[in-house]
Amino acid sequence: MRTVDEAVIDFHRYPPIGPDDWRYGLATARVRCLEAALLSRATLLDMANAASFAAAAELLSGTEYALSGAVDRFGPVEELLLQRRREVRELFISLMLDDPLVELLRARHDFANMRLAIRRIVTDRPVGSGYSDFGSVSPEEFEEAIQQENYNAFPLYLQEAIEEAVLAYYENRDIRAIDYAIDRYEARYRIRTAHEVGSVFLLSFFRVRIDLTNIRTLLRLKAADRMERGLFLPGGFVEVERFIHGLDLGYEGLAPLFYATPYYETVEGGVAYFTAEKSFLRLERLCEEYLFGFLRTTRSITAGPQPIIAYLMFKETEIRMVRMILTAKMNGMDARLILDRLGE
Amino acid sequence: MLENISATRMEQLRLRRRVELAGRGHRLLSQKRDEISRQLVKIAGELRPLRERVEAELLETTRRFMMARATMEPEDMAAAIDVPTKQFALTVQFASIMSVRVPQLTKDIAGEIMCYGFSTTSGELDVALRALERAFDSLIELAAKEKQAMLLATELQSTRRRVNVLEHVVIPNIQETIRYITDKMSEDERDNTSRLMKIADIIRG
């Protein structure tokens with residue numbers, strides 16, 4: 001009998017999303033209403049093709065991203081986007097009935113904050129600002145704990161992650177080792193938590209994300225002529241050995257390597273675009289499209305945490321897309337570049 | 001004409017030596033001016049395509065960096081680039097072009113420019129940073145050449161001024177003074193001759 005985490009692909013296009021959970025009936029209904037207010041693909045494409053920043057912003061006038069008055073710098077736009085992001089996260093927390101799922105969201109921010117705090121602390125820089133305010137631990141607490149080497153006040157996942165990250169850094173005094181260690185621990189933690197809460201959806205979601213991260217890592221390592229084989233995250237549907245083998249292949253050999261996986265089209269399109277344009281825009285877009293394809297399968301769920309998690313992901317991505325288009329428009333960048341990232 | 005000049009043969013000889021020296025200086029400075037002009041034209045010819053290349057590279061870097069920043073969460077971006085691992089040192093040495101000390105820049109780069117993990121960062125950030133890394137070489141070359149051009153242009157301006165001063169002020173002034181002394185001495189000579197002739201007539205009479 002195989003374990004759940006074995007790198008076996010036993011699905012055709014998208015992994016399973018689990019059953020309904022009727023406790024989430026009201027929350028799911030609310031999210032379904034909110035989904036109708038998400039920006040349509042046509043709106044995003046119109047924004048991308050708009051003649052100017054003002055014209056692109058005008059298209060948002062009837063939405064929650066409406067900008068008041070003429071905006072000639074990006075500060076107010078960023079502020080608005082951060083406000084919308086804060087709102088959607090607060091909504092997620094209010095809709096979630098299971099604390100471990102909220103903890104998963106907070107953990108994401110804790111890991112991001114920890115990454116920044118440890119990097120600053122071990123290089124003797126001030127802890128400073130730029131942290132997410134959704135984490136469960138403040139940057140000052142990180143500083144104090146690392147200086148005293150006492151992490152007992154933190155949740156267990158943070159204690160273990162800090163120890164691994166600090167240890168990894170002091171092995172070679174390589175700042176990147178902190179990120180690699182946190183990435184590895186975070187992936188492990190997510191899979192473990194998904195098991196603990198018994199969520200098939202979360203397990204599938206995190207494993208797909210690990211696979212997509214590994215695909216991007218593979219191409220990025222190859223583009224940088226780096227042959228480090230220990231940077232792939234374990235726990236995905238695709239075995240790590242396949243990615244390691246990919247490092248030894250040429251670009252033309254990468255797509256066939258994933259022929260038997262659901263990521264074939266993602267890799268093929270991403271690699272073709274990269275070899276032609278030396279850009280990861282399409283690979284990132286295709287990875288996102290695959291992930292969203294998976295998240296869209298939650299539409300078959302009548303009630304459950306799956307649609308709420310999917311909505312959070314959709315909304316956060318929508319905010320990023322609005323930011324990308326408005327940034328590009330404000331700086332007079334080519335619409336083709338935006339469309340390459342956004343998709344035609 | 002020079003002022004406070006005593007019209008003596010000694011002074012005339014001194015001025016002749018001076019005008020000869022000024023002429024030699026003028027010739028040398030003219031040659032220096034021509035050579036600096038030649039060097040400047042050569043550097044200026046290289047500067048335009050180099051500047052265009054650097055501007056294109058930096059524009060591309062900025063464009064990709066903006067795309068990366070726009071598609072990443074602000075906290076992830078802050079964590080990714082907050083503590084750089086790349087160390088950059090610039091050594092300045094000076095070379096001499098026609099006695100002008102022009103800088104020659106040598107870069108010393110250590111470490112990896114990609115100073116972050118892969119999970120929370122965009123591939124476009126890699127591309128932007130690598131493009132920036134490549135742009136450094138051209139940027140340093142451009143900085144050195146622009147500084148050289150600036151120093152040479154300043155030197156050319158002062159050399160041209162010196163040549164003009166020698167050509168149009170110093171040498172004509174000295175030559176005029178020499179002419180004045182020659183005239184004055186001839187006048188004295190004639191005056192003396194006529195005085196002697198007058199004395200001789202008185203003695204004979």
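Every chain is numbered from 1 and lettered A, B, ... according to where its sequence line falls, protein lines coming before strand lines. All figures in this text were calculated on a predicted structure; none of them were measured in a lab.
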Practice problem: Output, in order, the C-alpha distance, side-chain angles, deciding distance and verdict of side-chain contact (heavy atoms from CB on, under 4.5 Å) for Glu124(B) and Arg341(A). | Solution: CA-CA 11 Å; Glu124(B) 281 303 284; Arg341(A) 178 64 181 82; over 6 Å; no

Quiz prompt | Most chain A-contacting option - heavy-atom pairs closer than 4.5 Å, from Ala80(B), Ala78(B), Ser119(B) | solution = Ser119(B)

Quiz item: When rounded to the nearest 0.5 angstrom, what is the spacing between CZ in Arg69(B) and CZ in Phe74(A)?
Solution: 7.5 Å

Self-check item: Best-contacting candidate, His109(A), Lys278(A), Met321(A), Glu186(A), against chain B by heavy atom pairs under 4.5 angstrom
Solution: Lys278(A)

Self-check item: From CA spacing to verdict: side-chain contact (heavy atoms from CB on, under 4.5 Å), Met72(B), Arg320(A)
Solution: CA-CA 7 Å; Met72(B) 283 169 64; Arg320(A) 278 201 301 274; 5.9 Å; no

Exercise. Measure Leu233(A) against the heavy atoms of chain B and call it side chain, backbone, both or neither at under 4.5 Å.
Key: side chain

Exercise. Could you grab the distance from atom CG of Leu125(B) to atom CZ of Phe280(A), nearest 0.5 Å is fine?
Key: 10.5 Å

Quiz item: Where on Leu337(A) is there a heavy atom nearer than 4.5 Å to chain B: the side chain, the backbone, both, or neither?
Solution: both

Practice problem: Kindly check if the number of other-residue, nucleotide or ligand heavy atoms within 6.0 Å of CD (Gln83(A)) is above 12? | Solution: yes

Quiz item: So which part of Asp82(B) gets closer than 4.5 Å to some heavy atom of chain A, the side chain, the backbone, both or neither?
Solution: both

Quiz item: With chain B, which of Ala117(A), Ala177(A), Ala223(A), Ala112(A) has the greatest number of heavy-atom pairs at distances under 4.5 Å?
Solution: Ala223(A)

Quiz prompt | Region of Glu78(A) that comes under 4.5 Å of a non-hydrogen atom in chain B | solution = side chain

Exercise. Could you tell me whether Glu75(B) and Arg85(A) make a salt bridge, using a distance below 4.0 angstrom between a side-chain N and a carboxylate O?
Key: yes

Quiz prompt | Any pair counted as side chain to side chain donor-acceptor pair (under 3.5 Å), so long as it reaches residues 168-179 of chain A, sequence neighbours left out | solution = Arg119(A)-Asp179(A), Asp174(A)-Arg176(A)

Exercise. Find the one option among Arg120(A), Arg209(A), Arg115(A) whose heavy-atom pairs under 4.5 Å with chain B are most numerous.
Key: Arg120(A)

Quiz prompt | Listed partners of Thr193(B) passing side-chain contact (heavy atoms from CB on, under 4.5 Å), at least two apart | solution = Glu189(B), Met197(B)

Quiz prompt | Under 4.5 Å from any heavy atom of chain B - which part of Thr123(A) | solution = side chain

Exercise. Calculate, to the nearest 0.5 Å, the distance between atoms CD1 and CE belonging to Ile338(A) and Met67(B) respectively.
Key: 6.5 Å

Quiz item: Looking at CG of Leu218(A) and CZ of Phe118(B), how far apart are the two atoms once the value is rounded to the nearest 0.5 Å?
Solution: 10.5 Å

Exercise. Go through Leu81(A), Asn331(A), Ile182(A) and name the one with the most non-hydrogen pairs under 4.5 angstrom from chain B.
Key: Asn331(A)

Quiz item: At what distance, to the nearest 0.5 angstrom, does CE of Met77(B) lie from CG of Leu116(A)?
Solution: 13.0 Å

Quiz item: Distance from Glu284(A) atom CD to Ser122(B) atom OG, nearest 0.5 Å?
Solution: 3.5 Å

Quiz item: Under the ring pair (Phe, Tyr, Trp, His ring centres under 6.0 Å) test, which residues partner His26(B), sequence neighbours left out?
Solution: none

Practice problem: Side chain from CB out, backbone as N, CA, C, O: work out which of these in Thr121(B) comes under 4.5 Å of a heavy atom of chain A, or both, or neither. | Solution: both

Practice problem: With a 4.5 angstrom heavy-atom cut-off, could you sort out which part of Ile325(A) is near chain B: side chain, backbone, both or neither? | Solution: neither

Exercise. Tell me, yes or no, whether the heavy-atom count around Met227(A) atom CE, taken from other residues, nucleotides or ligands under 6.0 Å, exceeds 12.
Key: yes

Exercise. Count the heavy-atom pairs under 4.5 Å between each of Ala68(B), Gly123(B), Gly117(B) and chain A, then report the option with the highest count.
Key: Gly123(B)

Quiz item: For chain A, which residues from residues 126-165 of chain B lie under 4.5 Å away (heavy-atom distances)?
Solution: Asp126(B), Val127(B), Arg130(B)

